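Take a look at the structure set out below.
These numbers come from a predicted model, not from an experiment.
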Amino acid sequence: KISETKRIKAKFEQPSATTSATRQNGDVEVTLPTDAEKVTLTYKNKQNTNATVTLVKRGNNWSSSTTLPDGISLANGKVTLDYTKVNRNTNITTASTRGNGDVESQANNQNHPIPEHTAPTTKTITKVIGENPTNAELLAAVDVANKASAVLKEGTQYPTTVGNHT
């Protein structure tokens, strides 16, 4: 009887996908999956050139072995892409993997659109000295999509001098 030993290498399971959200200021925030060990992000910068960022997870912390490009930041398992530094007519492509070498998982690929950003606009509120605007006037003066409310921030005082205030 002849016996033969064979070694089989199992690949890691495919990790979860990245997710994304667009902040009110237009920046795109990509959340890295907790079960991935490496994520590669590819996007086009303002010069319409492909840029790639590779992030590696060590323990519970994500890091990059190179300096992140201008407008790209990493904190708390999220990558933020500054809307002024990316080409908004393209997608952010991500590939999440686990393991290394011949046991590396199949990549979980995702495309994240970069929606066009329209900055909020404001209208002038004119008041006589000593008269404060109402919350309704503040609400009407701010023009932005999905506006829920516009009120004076708690602890902030109305201007007491004549002129333009932001």
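With T19 as the fixed residue, the side-chain contact (heavy atoms from CB on, under 4.5 Å) test singles out one of T94, L32, T31: T31. Residue N111 is tested with I92, T93, T90 for a side-chain contact (heavy atoms from CB on, under 4.5 Å); the sole match is T93.
Between K78 and N76 the shortest side-chain heavy-atom distance does not fall below 4.5 Å. With a 4.5 Å cut-off on side-chain heavy atoms, K57 and V39 do not count as touching. Looking only at side-chain heavy atoms (C-beta outward), L74 and L68 come within less than 4.5 Å of each other. Two residues are said to be in side-chain contact when any heavy atoms from C-beta on lie closer than 4.5 Å; V56 and S65 fail this criterion.
Remark: the T84 side chain and the D82 side chain contain an N/O donor-acceptor pair separated by less than 3.5 Å.
At distances below 3.5 Å, not a single donor-acceptor pair connects side-chain atoms of Q110 with backbone N or O atoms of A95. Side-chain atoms of T18 never come within 3.5 Å of backbone atoms of V30 as a donor-acceptor pair (strictly under, hydrogens ignored). Put simply, the side chain of N87 never gets that close to the backbone of N48: no donor and acceptor are under 3.5 Å apart.
Shortest non-hydrogen contact noted between A36 and S96 is CB-CB, 4.1 Å. Closest approach of G26 and R88 over heavy atoms only: O-NH2, 3.4 Å. Across every non-hydrogen atom of L55 and S64, the tightest pair is CD2-CB, 3.7 Å. Shown here for A17 and P33, the closest heavy-atom pair between the two residues is O-CB, 4.0 Å. Of all heavy-atom pairs between V86 and K46, the closest is O-CE, 3.5 Å.
In this structure T126 satisfies the side-chain hydrogen bond (donor to acceptor under 3.5 Å, both in side chains) test with no other residue, sequence neighbours excluded. Remark: D70 pairs with K85 by the side-chain hydrogen bond (donor to acceptor under 3.5 Å, both in side chains) rule, at least two apart or across chains.
When the shell of 6.0 Å around CG of N109 is examined, it contains more than 12 heavy atoms from other residues, nucleotides or ligands. No more than 12 heavy atoms of other residues, nucleotides or ligands lie within 6.0 Å of CG in N60, so this atom counts as exposed by the packing criterion.
Sequence neighbours left out, the pairs with a member in residues 30-40 that pass salt bridge (Lys or Arg N to Asp or Glu O under 4.0 Å) are K38-E104.
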| request: Tell me, with the steps shown, if V28 and Y43 meet side chain to side chain contact (heavy atoms under 4.5 Å, CB included). | output: CA-CA 12 Å; V28 176; Y43 64 97; over 6 Å; no
| task | Mind running side chain to side chain contact (heavy atoms under 4.5 Å, CB included) on N108 and Q106 for me, showing each step along the way? | result | CA-CA 7 Å; N108 193 334; Q106 179 179 350; over 6 Å; no
| message | Go through it in stages, so that I can follow the logic: the residues are R23 and E29, the test is side chain to side chain contact (heavy atoms under 4.5 Å, CB included), and I'd like the CA-CA distance, side-chain angles, deciding distance and then a yes or no. | response | CA-CA 7 Å; R23 292 181 174 175; E29 188 175 77; 2.7 Å; yes
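Taking CG from D27 and CD1 from I72, the interatomic distance works out to 9.5 Å, rounded to the nearest 0.5 Å. The CD atom of Q14 sits 6.5 Å away from the OG atom of S105 when rounded to the nearest 0.5 Å.
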